[in-house]
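Data block below; observations after.
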Number of protein chains: 2
Amino acid sequence: MTQSPSIRRGRPRSFDRDKALREAMLLFWENGYEGTSMAQLVEAMGIVSPSIYAAFGSKEDLFREAVRLYVATEVEPAWQALDEITDVQQAVRTMLLGSIEAFVATRPQRGCLVVLGSGLLGGADDTIRDFLREQRQHFRDRLVKCLQRAIDAGTFRPDNDPWVLADCVLAFFAGLTIEAVDGAEKAALRESAELFCLRMFDER
Amino acid sequence: MTQSPSIRRGRPRSFDRDKALREAMLLFWENGYEGTSMAQLVEAMGIVSPSIYAAFGSKEDLFREAVRLYVATEVEPAWQALDEITDVQQAVRTMLLGSIEAFVATRPQRGCLVVLGSGLLGGADDTIRDFLREQRQHFRDRLVKCLQRAIDAGTFRPDNDPWVLADCVLAFFAGLTIEAVDGAEKAALRESAELFCLRMFDER
DNA sequence: CTATTTTTATAATGCTCAGCACATAAATAG
DNA sequence: CTATTTATGTGCTGAGCATTATAAAAATAG
């Protein structure tokens, strides 16, 4: 799939692309897309801007790659609970508590890059906002699938509406990330998540 | 409190300050603080920029006034339910459904200016972000007071923790506004809110 | 070696932004 | 009337922004 290295000529790249991408991801995660300037990226990645453009295309393209890395390394570990745990309450509980760990891992606390990474208000034709909206839709689809699977398997009451319930969980998840960046204590976030799951998935 | 109009001299103001502020509020509500330029404000308010600075001080001061107007005219009507309705479930339900009406009243749909009005990520020393954080804290305090009052009055089970429950409601509220700007149907938002209240405030 | 290719570093581009200086206009006070 | 006060309209300023033009540097191919 990658071009053979034997026919490559010219000056070799002097930096580690993956490492630079990771630095960019952390910076975007801290400051958001609009809040991150190329000057900051240059400093954090340790590369001058023409090299960034040569390696990643544009600031938008770099952000998209950073979000993909973020999802793979920061979101996926927690969200895998939705595929692995059959009990819905425990699955969502594990997903939420795992996400909270990521939110409070740094100081200042960061929310979810997919939820908060770009300005949420604004009329139209903003490609970055649309891109993050798409990613959020994937989150929703994944929650619906998890709930539907449990209903089909008979481990979850079939009078639950997976779409409405997934909306509730996703709204709560998004709200949690805002509480996180507003400085909420980890313990408070955990208590909220526990209570939410207890009440929301109580099978009476 | 206001200076007497008899000693006022000089050319009178040619525009209606309250009307101009309302136009600014609507524009900030649509595009957020960072997403709104002075050029847009000039066009929407129908005043040239020196007049805006003379009447409102700065873009930041104007935004603060706009947020206060927003809270008074758009938030307060729905949130008064928390003071007026004694049954907690009905109070929160009414507050959420009323807020949803505001979120979907325009196209494209707008979330809550207090929640989404300024970039949520970013390290420190951002006066506007801190200002909105303060406003959110007022929301939280108000929710806690409502729940505590119900517990004291004996209409709400005292084994509920008002702070944790208020966190849950506020998180859900914040998440709802994101779903709104992501284009969720009004009916879907209402169903989520109904289910959330039903489960969250179910007294068994 | 020379020619070619690719990545670096410097520095500039064109643009938008918030805010303001200045002169003019329109009102009142005496 | 004249002097004074306040608001308006034009156009500027300096900073910051993403992006790129240019040329030097560092590698390989023959």
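Each chain gets a letter, A, B and so on, in the order its sequence line appears, and its residues count up from 1. If you're wondering where the values come from, they're calculated on a predicted model, not measured in any experiment.
Of the residues in residues 17-29 of chain B, not one comes within less than 4.0 Å of DNA chain C through any heavy atom.
Applying the side chain to side chain donor-acceptor pair (under 3.5 Å) criterion to A:Ser99, with sequence neighbours excluded, gives no partner residue. Every salt bridge (charged side-chain N to carboxylate O under 4.0 Å, His left out) that B:Glu76 has, sequence neighbours left out, goes to B:Arg142. Among residues two or more places apart in sequence or in another chain, the salt bridge (charged side-chain N to carboxylate O under 4.0 Å, His left out) test is passed with B:Arg149 by B:Asp83. The side chain to side chain donor-acceptor pair (under 3.5 Å) search around B:Thr73 returns none, not counting sequence neighbours. Every residue two or more places apart in sequence or in another chain that forms a side chain to side chain donor-acceptor pair (under 3.5 Å) with B:Asp182 is listed here: A:Arg133, A:Arg136. Qualifying salt bridge (charged side-chain N to carboxylate O under 4.0 Å, His left out) partners for B:Lys145, counting only residues two or more places apart in sequence or in other chains: none. Applying the salt bridge (charged side-chain N to carboxylate O under 4.0 Å, His left out) rule to A:Glu194 yields the partners A:Arg93; only residues at least two apart in sequence or on another chain are considered.
Computed from coordinates, the B:Phe56 CZ to C:dG19 P distance equals 14 Å when rounded to whole Å. Straight-line distance from the CD1 atom of A:Ile52 to the P atom of D:dT20: 13 Å, rounded to whole Å. The CZ-C1' distance, from A:Arg9 to D:dA27, rounds to 10 Å in whole Å. Nucleotide C:dT7 holds its P atom 15 Å from the CG atom of A:Asp16, rounded to whole Å. The interatomic distance linking A:Leu41 (CG) with D:dC17 (P) rounds to 11 Å, in whole Å.
For B:Gly10 and B:Tyr53, each mapped to the nucleotide of DNA chain C holding its nearest heavy atom, the one lying further toward the 5' end belongs to B:Tyr53.
Residues B:Phe56 and B:Phe63 are not in side-chain contact: their nearest non-hydrogen atoms beyond the backbone lie 4.5 Å or more apart.
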Can you check nucleotides 14-17 of chain C for protein contacts, nitrogen or oxygen pairs under 3.5 Å, and list what you find?
none

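For the atom pair CE of A:Met95 and SG of A:Cys197, the computed distance is 7.5 Å after rounding to the nearest 0.5 Å.
Here side chain to side chain donor-acceptor pair (under 3.5 Å) pairs that include residues 10-31 of chain B, with residues two or more places apart or in two chains, are B:Arg17-B:Glu65.
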- Task: At under 4.0 Å between heavy atoms, which parts of nucleotides 8-15 of chain D does protein reach? Answer with one letter per nucleotide, 5' to 3': B base, S sugar-phosphate only, - none.
- Result: SBB-----
Output side-chain donor-acceptor pairs under 3.5 Å for residues 38-47 of chain B, partner residues at least two apart or in another chain, one line each.
| from | atom 1 | to | atom 2 | distance (Å) |
| --- | --- | --- | --- | --- |
| B:Gln40 | OE1 | B:Ser37 | N | 2.9 |
| B:Gln40 | OE1 | B:Ser37 | OG | 3.4 |

